[in-house]
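Accompanying notes for the structure given below.
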Amino acid sequence: DVQLVESGGGLVQAGGSLRLSCAVSGLTFDDDLVLGWFRQAPGQEREQISCISGNDESNDYENSVKGRFTTSRDKDKNTAYLQTYDLRPEDTAVYSCGAVRSAYGCLPRFKYNMKYWGKGTLVTVSS
């Protein structure tokens with residue numbers, strides 16, 4: 001069955017970095033696989049961070065993290081990554097990944113297009 005498993009979260013100091021991973025199984029990891037990163041802070045709705053597809057390794061970033069977070073994928077490992085830099089306390093959230101197979105790549109409101117979801121990994125940034 002389809003599974004998305006996030007890892008790499010933890011407690012870091014402000015200004016630190018983390019690399020989050022999203023391991024995908026049960027889905028063909030090709031150009032039609034669209035992967036998104038999301039986060040949900042305490043008391044807040046889940047927001048979309050970035051989206052990446054196999055078509056030119058496209059990335060769409062939330063404005064608040066633009067320049068600090070980057071998204072990539074490794075086809076050979078069936079894994080997507082979210083590399084974070086200069087983490088801030090307001091980045092504290094549960095980070096999750098989602099996936100959908102689509103020939104159209106990332107859509108503007110891609111959080112509503114994900115068909116599969118991981119359970120998330122907690123990132124806590126201390127001041």
Heavy atoms from other residues, nucleotides or ligands near CD of Gln40 exceed 12 (cutoff 6.0 Å): yes
Gap separating the CZ atom of Phe69 from the OG atom of Ser17, nearest 0.5 angstrom: 9.5 Å
Minimal non-hydrogen separation, Thr92 against Val125, with atom names: OG1-N, 2.9 Å
Trp37 versus Ala80, closest heavy-atom pair with distance: CZ2-O, 3.8 Å
Interatomic spacing from CG in Asp30 to CG in Leu27 - rounded to 0.5 Å: 9.5 Å
Nearest-0.5 Å distance, SG of residue Cys51 to CG of residue Leu107: 7.5 Å
Side chain to side chain, Ser96 and Arg46, heavy atoms closer than 4.5 Å: yes
Nearest-0.5 Å distance, OG of residue Ser25 to OH of residue Tyr116: 11.5 Å
CZ-OG1 distance between Arg19 and Thr84, expressed to the nearest 0.5 angstrom: 11.0 Å
Check: Gly9 main-chain N/O paired with Thr121 side-chain donor or acceptor under 3.5 Å: yes
CA sep, side-chain torsions, deciding dist, call: Cys97, Leu35, side chain to side chain contact (heavy atoms under 4.5 Å, CB included): CA-CA 7 Å; Cys97 59; Leu35 297 167; 6.0 Å; no
Residues Val2, Lys115; criterion side chain to side chain contact (heavy atoms under 4.5 Å, CB included); working and verdict: CA-CA 10 Å; Val2 175; Lys115 300 297 182 183; over 6 Å; no
Common cluster, Tyr95/Val12, ILVMFWY with side-chain heavy-atom separation under 4.5 Å: yes
Test side chain to side chain contact (heavy atoms under 4.5 Å, CB included) applied to Arg101 and Thr28, step by step: CA-CA 9 Å; Arg101 290 191 57 79; Thr28 301; 3.6 Å; yes
Heavy-atom closest pair, residues Ser126 and Leu11: CB-CD1, 4.2 Å
Shortest non-hydrogen contact from Thr79 toward Ser21: CG2-CB, 4.0 Å
Apart from Trp117 itself, residues in the same hydrophobic cluster as defined by side-chain heavy atoms under 4.5 Å: Val34, Phe38, Val100, Phe110, Met114
Backbone N/O of Pro108 and side chain of Gln48: donor-acceptor pair under 3.5 Å: yes
CG on Leu18 to OH on Tyr85, rounded to 0.5 Å: 11.5 Å
Non-hydrogen atoms of Ser50 and Thr71 that approach each other most closely: OG-OG1, 2.5 Å
hydrophobic_cluster_shared for Val65 and Tyr81, side chain cutoff 4.5 Å: no
For Cys106 against Ser53, the heavy-atom pair lying closest together: SG-N, 4.2 Å
Common cluster, Leu4/Ile52, ILVMFWY with side-chain heavy-atom separation under 4.5 Å: yes
Under-4.0 Å salt bridge between Arg39 and Glu47: yes
